[in-house]
Q: 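Here you go, one structure.
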Amino acid sequence: MREHQAGIGRARPLHPHAWLWEPLEVDPTFVLRPMFGTRAVYLDGRLVLCFAARRDPWRGVLVATERDHHAALRADWPELAPHPVLPKWLYLPESADSFERVAERLVQMVRRRDPRIGIVPPRKRSRQ
């Protein structure tokens with residue numbers, strides 16, 4: 001008998017920010033997908049948050065939002081800044097002193113469907 005059967009015996013490492021998206025998992029529209037090294041959360045088909053656990057600037061929470069909402073969100077949460085690589089989205093670095101508190105509030109805002117958070121992802125082009 002083989003000891004390494006498919007999927008048995010290999011533990012997948014737990015994402016360090018999984019505790020943040022867990023409250024959203026009860027939503028029937030919740031989808032979690034990998035996206036350029038992050039875990040992207042979708043609700044109602046809208047991309048809302050990306051959780052990154054690599055090296056800066058890919059360590060924290062990316063808030064998928066339209067540029068029109070940056071000022072209002074930053075007024076509420078000054079810790080947010082345009083992401084240095086993806087400036088169309090806001091970024092909360094894990095190194096921020098208030099990371100846990102602000103990240104939890106962002107998740108609550110997403111859960112309440114704050115209209116400032118979330119984008120409709122572009123449609124994938126079909127290969128021909």
Side-chain angles (χ1 to χ4, degrees):
M1 185 167 179
R2 298 179 86 186
E3 289 197 25
H4 294 293
Q5 295 175 343
I8 297 175
R10 291 189 179 222
R12 298 187 86 188
L14 186 62
H15 193 284
H17 300 136
W19 63 275
L20 284 165
W21 72 67
E22 285 173 353
L24 301 171
E25 290 177 345
V26 298
D27 190 295
T29 68
F30 173 86
V31 175
L32 182 68
R33 290 188 180 131
M35 185 165 88
F36 51 84
T38 72
R39 294 295 183 267
V41 172
Y42 297 77
L43 288 184
D44 300 323
R46 293 170 54 90
L47 171 60
V48 290
L49 299 170
C50 289
F51 297 92
R54 297 169 85 182
R55 282 187 259 135
D56 283 329
W58 299 104
R59 188 162 195 84
V61 179
L62 285 86
V63 181
T65 185
E66 301 293 341
R67 288 183 197 258
D68 295 349
H69 299 300
H70 282 207
L73 287 167
R74 292 184 73 198
D76 289 347
W77 307 109
E79 299 87 346
L80 295 174
H83 189 272
V85 178
L86 294 173
K88 64 183 179 180
W89 292 355
L90 295 175
Y91 177 57
L92 174 65
E94 188 179 287
S95 60
D97 290 339
S98 57
F99 174 78
E100 290 183 6
R101 179 180 57 83
V102 174
E104 285 178 322
R105 286 289 294 143
L106 290 167
V107 168
Q108 290 170 4
M109 293 167 69
V110 164
R111 199 168 184 189
R112 288 192 317 265
R113 306 303 201 269
D114 187 303
R116 300 174 295 177
I117 300 177
I119 61 164
V120 176
R123 296 185 67 101
K124 291 185 179 182
R125 296 179 192 170
S126 62
R127 294 181 180 174
Q128 292 182 355

Q: Would you call Asp27-Arg113 a salt bridge at under 4.0 Å N-O?
A: yes

Q: Under a 4.0 Å threshold between the charged nitrogen and the carboxylate oxygen, would Arg46 count as salt-bridged to Asp44?
A: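 A salt bridge is absent here (no side-chain N lies under 4.0 Å from a carboxylate O).
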
Q: Within the structure provided, determine whether Arg116 and Asp76 are in side-chain contact (heavy-atom separation under 4.5 Å).
A: yes

Q: Do Val85 and Phe36 have side chains that approach each other closer than 4.5 Å (heavy atoms only, starting at C-beta)?
A: no

Q: Just how far is it from atom OH of Tyr42 to atom CD1 of Ile119, taken to the nearest 0.5 Å?
A: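 Those atoms lie 8.0 Å apart.
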
Q: Identify the two heavy atoms, one from Leu90 and one from Pro82, that lie closest to each other, and give their separation to 0.1 Å.
A: CD2-N, 3.7 Å

Q: What are the two closest heavy atoms between Pro121 and Gly45, and how far apart are they?
A: CD-O, 3.3 Å

Q: What about Leu24 and Trp19, same hydrophobic cluster or not, with Ile/Leu/Val/Met/Phe/Trp/Tyr joined at side-chain heavy-atom distances under 4.5 Å?
A: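 Linked within one cluster.
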
Q: Is Glu79 paired with Arg105 through a side-chain N to carboxylate O contact shorter than 4.0 Å?
A: no

Q: Could you check whether any side-chain N or O of Arg59 sits under 3.5 Å from a backbone N or O of Arg54, counting only pairs where one atom can act as donor and the other as acceptor?
A: yes

Q: To the nearest 0.5 angstrom, please state how far the CZ atom of Arg67 sits from the CH2 atom of Trp89.
A: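 Going from the CZ atom of Arg67 to the CH2 atom of Trp89 covers 12.0 Å.
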
Q: With the 4.5 Å side-chain cut-off for hydrophobic clustering, are Val110 and Val41 part of the same group?
A: yes

Q: Measure the shortest side-chain to side-chain distance between Leu86 and Trp58 over non-hydrogen atoms and say whether it is less than 4.5 angstrom.
A: yes

Q: Do Tyr91 and Trp77 land in one hydrophobic cluster if side-chain heavy atoms of ILVMFWY residues count as linked below 4.5 Å?
A: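 No, separate clusters.
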
Q: Just how far is it from atom CD of Glu94 to atom CD of Glu100, taken to the nearest 0.5 Å?
A: 9.0 Å

Q: Using the rule that Ile, Leu, Val, Met, Phe, Trp and Tyr join whenever any side-chain heavy atoms are under 4.5 Å apart, tell me whether Met35 and Leu43 fall into a single cluster.
A: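 Hydrophobic grouping puts Met35 apart from Leu43.
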
Q: Are Ile117 and Leu92 connected into the same hydrophobic cluster when the rule is that any two of I, L, V, M, F, W, Y join if their side-chain heavy atoms are below 4.5 Å apart?
A: yes

Q: Can you find a side-chain donor-acceptor pair between Arg111 and Gln108 that sits under 3.5 Å?
A: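 Arg111 vs Gln108: no donor-acceptor pair found between side chains.
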
Q: In Å, rounded to the nearest 0.5 Å, how long is the span from CG of Leu80 to CG of Leu106?
A: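 Result: 5.5 Å between the selected atoms.
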
Q: At their closest point, which heavy atom of Leu47 faces which heavy atom of Ala64, and how far apart are they?
A: O-CB, 3.4 Å

Q: Verify side-chain contact (heavy atoms from CB on, under 4.5 Å) between Val61 and Trp21, making sure each step is shown before the conclusion.
A: CA-CA 11 Å; Val61 179; Trp21 72 67; over 6 Å; no

Q: Would you say the side-chain atoms of His83 pair up with the backbone N or O of Val63, donor to acceptor, closer than 3.5 Å?
A: no

Q: What distance do Leu32 atom CG and Thr38 atom OG1 have between them, rounded to the nearest 0.5 Å?
A: 9.0 Å

Q: Using a 3.5 Å distance criterion without hydrogens, assess whether the side chain of Arg39 forms a donor-acceptor pair with backbone atoms of Phe51.
A: no

